[in-house]
Number of protein chains: 2
Amino acid sequence: MVAEHAGVSIPTVSRVLNSPDRVREETKQKVLDVVRTLGFYPNENARRLRTHEVQAIGVIVPHIRDFFFSEIYKGMSEAAEAAGVQIFLHDALQRQERLYEGFPLLKSKGCSGVILVSAYVSRDFETWMSRAGIPVVLALTESETGAIPAFKVDDVQASFDAVAHLITRGHRRIGIISGPDEDPTAGRNRLQGYQSALRHYNIPLDPALIAYGAFRFEHGYEGMSQLLLRQGDEPLTAVYAVSDEMAVGAARCLYDRGIRVPEDVSVVGFDNIRLASLVTPTLTTVAQPFEEIGSEAVVTLLDMIHQNITEQQKGTRYLPHRIVTRESTRFYAYDSS
Amino acid sequence: MVAEHAGVSIPTVSRVLNSPDRVREETKQKVLDVVRTLGFYPNENARRLRTHEVQAIGVIVPHIRDFFFSEIYKGMSEAAEAAGVQIFLHDALQRQERLYEGFPLLKSKGCSGVILVSAYVSRDFETWMSRAGIPVVLALTESETGAIPAFKVDDVQASFDAVAHLITRGHRRIGIISGPDEDPTAGRNRLQGYQSALRHYNIPLDPALIAYGAFRFEHGYEGMSQLLLRQGDEPLTAVYAVSDEMAVGAARCLYDRGIRVPEDVSVVGFDNIRLASLVTPTLTTVAQPFEEIGSEAVVTLLDMIHQNITEQQKGTRYLPHRIVTRESTRFYAYDSS
DNA sequence: TCCGTTTATGAAAAGGATTTCATAAATTTT
DNA sequence: AAAATTTATGAAATCCTTTTCATAAACGGA
């Protein structure tokens, strides 16, 4: 080790860096000077080998290009850094098998635990994960059996609130562009919230006003154009898309057909990614607390690792969502003619 | 180490795991059985401490929320994975000192090299980097001295092309919302490209048509509103913003003032991030080959690491840009009155 | 059968920090 | 001023592997 420029022993340097009060002021300064001059940083591997600190956790995302990724990653990386833990990122590149591969891979790289973001967790997937023998926490998704700790918003309630936002502003003919029916989290749950809001306010459900898509711009566009074709005599006055990206796609579809947002049709999205406030009109949407979800997931995972358990807080914890009102929704006044 | 259940020595276990051909079949099986039974994984810290074979490189970004991050990261992670190398990400959270910290930090974590993305590299910064004693490659930026390998587009030429795109479509009064003047890469260079395009086509330079900003939506908005105030008797018919985000901000500013894009004013951006094709009108822009830049940077860095040199390919390599024509620009027909 | 190779394994060193323990120096107590 | 206590520091052990290096066993050739 180089810091013997200071003319002290190795342990003294270590003490200066770790427990500065246990060393004389004079020596401390001398050592710190050298440390600064040489730009010395202790070797993390050696230090962790000795201290048994956890060194890394893994994060698996289905697709790093998803807009919300950088939001949730921020929360995760801050929590990880605070705990002195390194994050290993694994991008599944939208391929299911790469999602699976991630677990043994990250484990072999030295990750003591894994956070799985957003991906749908089937029963099969769940047994696969448990076989990996490594603590897992879910973010933005949950497991069917509820055996794995998960952090997300209450999709049913959030969806209910989004639709209620429209209903309380006078809308009655409200379409939905939902996620894939196979996806329980962002698909079925959000559809269910939509349906129960309509029921709650005594508005008839019209299957023609339901479209499905896979969260992307194109799917929003396509879904919207289907809804327009199927809406029948009584045109819809509002659309709820279960992702901001789809909402923007839907808005574009309306724009292309000369239908104004929000004057003719109101649009609500889901996520509150940055995109929502950059488009024109800015998007009313359901805000997910991405950063908080990310940091909570990390904290919980680290707890699990330290206590050496695989299921400390079994089940899903719901974090608060909120409706962000922007330009894409407005009151609808029924024609009195 | 627990694997002495197998009745062999520690090095033998190590050999079974690392160079299986150097151990007798029988012993190998015995050891592997125990390894599987006990679910043994070698301690990564100890292994890395010994081998130095750390197989990791660091990536420093000024701000992970920048839209282009996920684009360039994709290229980097693919190249890194192909080489069997782990990426350690360091988000500077927009703070200059965290940018600096990144180098010793990543090094101490075992990174054998670092890619610095997008951040402006002053002379001071450059000496700091060299002091870290670790190979560095730049992406989307370059060093003043040109001593560090860098990958980016030719900003001057790209800028020239963007403005030429407008000029050849009949525009004469063209404003620019440039980057900060202190930023040579995306600031001065792009401004210079703008100026030389105007000169090349014999169009008078009007200082009133130059605004500055820091690449974000708000700065685009603000810059645009300044240009509108200053444009004088002969209103501008086109604006070139040196980032897509700023271009979207500028478009919003125009929208708010009832000026139509592209009917009244054409808008060109820079980057071709996904945002550009999601907004309405979709944005004509200068496409940067983010993925390629990312992967090239990784490949070069790995070369440098393996050859144990700090400056294999000194200087900047320019990758091809291209103009992507979308809805935000159109031909301008001069009033013949 | 004996000797030179090759092969399989173990003992010991190395890697770079932290931590324990012992000791020298400084400080306080009596 | 001597004894007792506290404080600052270094020597050596430790963390867990991998990697020489040495040695014993197995093998082949003459």
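Below, chains carry the letters A, B, ... as their sequence lines are ordered, and counting in each starts from 1. Only this structure's heavy atoms are used, side chains among them; waters, hydrogens and symmetry mates stay out. As the structure is a prediction and not an experimental result, all values here were calculated from the model.
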### Task
Quick one: list whatever passes salt bridge (Lys or Arg N to Asp or Glu O under 4.0 Å) with A:Arg47, sequence neighbours left out.
A:Glu53

### Query
Listed by chain and number, what are the salt bridge (Lys or Arg N to Asp or Glu O under 4.0 Å) partners of B:Asp33, not counting sequence neighbours?
B:Arg36

Find the distance [X]:[atom1] to [N]:[atom2] and express it as a whole number of Å.
X       : N      : atom1 : atom2 : value
A:Glu44 : C:dG15 : CD    : P     : 19 Å
B:Glu26 : C:dA8  : CD    : P     : 12 Å
B:Arg48 : C:dG16 : CZ    : C1'   : 15 Å
A:Leu17 : C:dG16 : CG    : P     : 16 Å
A:Lys30 : D:dA8  : NZ    : P     : 14 Å
B:Asn43 : D:dC15 : CG    : C1'   : 8 Å
B:Arg22 : C:dT6  : CZ    : P     : 13 Å
B:Lys28 : C:dT9  : NZ    : C1'   : 15 Å

### Message
Would the base of D:dT17 count as contacting B:Arg50 through its side chain, where contact means a donor and an acceptor less than 3.5 Å apart?
### Response
no

Under 4.0 Å between a side-chain N/O of [X] and OP1 or OP2 of [N], yes or no?
X       : N      : value
A:Asn18 : C:dT18 : yes
B:Thr51 : D:dT18 : no
B:Ser14 : D:dT19 : no

Could you run down the sub-3.5 Å N/O contacts of the protein with nucleotides 26-28 of chain D?
none

### Query
Should the pair B:Lys74-B:Glu78 be classified as a salt bridge under the 4.0 Å nitrogen-to-oxygen rule?
yes

Report, one pair per line, the protein and nucleotides 23-28 of chain C atoms (nitrogen or oxygen only) whose separation is under 3.5 Å.
none

### Summary
Applied to residues 290-299 of chain B, the side-chain hydrogen bond (donor to acceptor under 3.5 Å, both in side chains) test, sequence neighbours excluded, yields A:Arg65-B:Glu291, B:Glu296-B:Arg317

### Query
What pairs with A:Tyr100 under ring-ring contact (aromatic ring centres under 6.0 Å, His included), at least two apart in sequence or on another chain?
A:Phe125, A:Trp128

#### Entry: Residue list, side-chain hydrogen bond (donor to acceptor under 3.5 Å, both in side chains) with B:Arg131, at least two apart or on another chain
none

### Query
Of all residues at least two apart in sequence or in a different chain, which pass the side-chain hydrogen bond (donor to acceptor under 3.5 Å, both in side chains) check with A:Arg274?
B:Glu245

### Message
So if I take the C1' atoms of five pairs at each end of the helix from C:dT1-D:dA30 to C:dT30-D:dA1 and get each local axis, what angle do the two axes make, rounded to 10 degrees?
### Response
40°

### Task
When you get a sec, tell me which of C:dA17, D:dT17, D:dA8 is the closest nucleotide to the side chain of A:Ala46?
C:dA17

### Task
Mind jotting down which residue pairs meet the salt bridge (charged side-chain N to carboxylate O under 4.0 Å, His left out) criterion with at least one end in residues 96-107 of chain B? Sequence neighbours excluded, please.
A:Glu81-B:Arg98, B:Arg95-B:Glu97

### Task
Could you list all the salt bridge (charged side-chain N to carboxylate O under 4.0 Å, His left out) pairs where at least one residue sits in residues 133-149 of chain B, not counting sequence neighbours?
B:Arg123-B:Glu144, B:Glu142-B:Lys152

#### Entry: Within-4.5 Å side-chain heavy-atom neighbours: B:Phe69 and B:Asp91
no

### Message
Using ring centroids (six-membered ring only for Trp), state whether B:Tyr318 and B:Phe151 fall under 6.0 Å.
### Response
no

### Summary
Residue set satisfying side-chain contact (heavy atoms from CB on, under 4.5 Å) with B:Ala82, at least two apart, ordered chain then number -> none

